[in-house]
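Please read all numbers here as calculations on a predicted model, not as lab measurements. Counting starts at 1 for both ligands and their atoms, in listed order.
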Amino acid sequence: MINVTKSFLPPLEEYNVYLKEIWKMNWLTNDGPFVRQLEEKLRDKLKTNRLFYVANGTSALRVSIKALELEGEIITTAFSYVATTTAIIAENCIPIFCDIDPETLTIDPEKIEELIGDKTSAILATHVYGNPCNIERIEKIAEQHNIKVIYDAAACFNVKYQSKSLYAYGDLSIASFHATKIFHTVEGGAIFCNTAGLEDKIDLYRAFGHRGEEAESYIYAGINAKNSEFHAAMGLCNLKYIDDVIAARQKITSFYDNELRQLPIKMPAIRGNTDSNYAYYPVIFSNEAKMHEVNKALEEEEIYPRRYFYPALNTLKYVRYASCPIAEEIAKKILCLPLYYDLAVEDQQRICRIISGCF
Ligand SMILES: *Cc1c(COP(=O)(O)O)cnc(C)c1O
């Protein structure tokens, strides 16, 4: 069976070294030494501003909304994973859905401005599959209207835009280190703080909004978004292999590119000046029926691509619907193909042969 992704696991002996250390220290969670070490190493590797390691990408989004004190309406993309929307709802804000650019699949800045009103406090946009949004236009709009920008950069590990980490853009950016992402800590995430002065707030909001023992030390209504020494240890192990993992994915991506080039299918356009991390291999078919046909042909061979992202978020039953025809159409006819570090060449060939056979 071949799934859309497979988590990288480091050699067990290497993880065991950390476990022994945890047993010795008897320090399991709450800003422990491995959490701090991981934060330091990530900052060093990615060359970013200060970052805060948290429990997952979703809580990173929630803590970001809290730290920026957002309220009212947040303009967000209709094409992302559901957590982008649910984090807004969980923080008592209203998601206002904006359609996407049909080529890059990121939020369409031309359509943001008409959605801005008195109640708008921020834009929460996703760098879709690690593909950067139109950062320059979004920044300008946010400045003109005095609203904040958060990037859901969940899948952007090691992506560079204009030679700088993609995490370094926006007032805040968030990452997910979930087991399905290219760099993972089993569960995990991070907030990259690009706004001086917010650091302490983020640090507090991720730990109940409380520091110290006095009655006055309960400062904010925070949440528990902390992560553990066990998770941080997995990150420290995986970090050593991430360059190899990305190189392997780059090779598979080139293979798919070559084999599938002749078919009447489309891949999202990558913005210029981007160093990709090959996190996904999305394919856009001409229509939903064709997508189903290919999906079925692969499933018959026990190969499971993923409908991702599906459905469009503006169509969720618990949100206020707003028409986003491009996102709705793309969500129906896009599939992510299997892509992981040790996907065998024969399997890559087989996948391409099955897909080609549908045309
Ligand atoms: C994975 C993902 C998330 C959620 O991250 P978790 O760590 O699973 O909470 C949010 N947004 C996008 C775009 C994602 O890909």
Side-chain angles (χ1 to χ4, degrees), residues 3-8 35 38 42 51-66 74 76-91 95 97-98 100 104-107 122-133 149-159 166-167 169-170 172-192 206 223-228 230-232 234-235 238 249 268 276-282 305-314 316 319 327 330-331 334-336 339-340:
N3 278 319
V4 66
T5 193
K6 177 179 157 191
S7 303
F8 175 84
V35 164
L38 180 64
L42 287 173
L51 67 107
F52 296 84
Y53 182 50
V54 293
N56 50 59
T58 308
S59 61
L61 284 168
R62 292 193 56 185
V63 168
S64 297
I65 294 169
K66 286 178 185 298
I74 298 178
T76 188
T77 176
F79 192 68
S80 181
Y81 184 58
V82 70
T84 318
T85 293
T86 53
I88 294 172
I89 297 170
E91 291 307 318
F97 292 98
C98 183
I100 56 171
T104 63
L105 312 189
T106 52
I107 198 166
I123 299 165
L124 170 48
T126 298
H127 300 306
V128 176
Y129 309 125
N131 192 14
C133 292
V149 179
I150 301 174
Y151 285 114
D152 180 338
C156 301
F157 194 88
N158 218 43
V159 176
L166 193 47
Y167 296 140
Y169 296 90
L172 299 174
S173 266
I174 74 95
S176 166
F177 303 145
H178 182 254
T180 53
K181 307 295 204 266
I182 59 165
F183 170 78
H184 80 88
T185 68
V186 187
E187 293 275 359
I191 301 158
F192 292 80
R206 78 170 159 176
I223 57 175
N224 181 3
K226 293 177 278 94
N227 212 335
S228 81
F230 293 77
H231 292 85
M234 182 61 90
N238 283 344
R249 302 175 75 103
S276 177
N277 64 0
Y278 313 98
Y280 298 91
Y281 199 92
R306 185 167 175 209
R307 298 190 72 182
Y308 193 68
F309 305 115
Y310 176 79
L313 300 173
N314 59 315
L316 294 167
V319 302
I330 295 280
I334 196 162
L335 267 188
C336 286
L339 177 57
Y340 46 85

Here the gap from K181 atom NZ to F157 atom CZ, rounded to the nearest 0.5 Å, amounts to 13.5 Å

Counting C-beta onward and ignoring hydrogens, is there a side-chain heavy-atom pair between T106 and T77 closer than 4.5 Å? no

Any non-hydrogen side-chain atom of Y53 less than 4.5 Å from a side-chain atom of T185? yes

Exercise. Give me the ring orientation class for Y129 and Y280: parallel if the planes are under 30° apart, tilted from 30 to 60°, perpendicular past 60°.
Key: tilted

- Message: Which label fits Y167 and F192: parallel for a plane angle under 30°, tilted from 30 to 60°, or perpendicular past 60°?
- Response: parallel

Ligand-protein N/O pairs under 3.5 Å (ligand 1):
unit_1   : atom_1 : unit_2 : atom_2 : d
ligand 1 : 5 (O)  : S176   : OG     : 3.3
ligand 1 : 7 (O)  : G57    : N      : 2.7
ligand 1 : 7 (O)  : S176   : OG     : 2.7
ligand 1 : 9 (O)  : G57    : N      : 3.3
ligand 1 : 9 (O)  : T58    : N      : 2.9
ligand 1 : 9 (O)  : T58    : OG1    : 2.6
ligand 1 : 11 (N) : D152   : OD1    : 3.4
ligand 1 : 11 (N) : D152   : OD2    : 2.7
ligand 1 : 15 (O) : K181   : NZ     : 3.2
ligand 1 : 15 (O) : Y308   : OH     : 3.1

Q) Taking side chain as C-beta onward, heavy atoms only, is V319 less than 4.5 Å from I89? A) yes

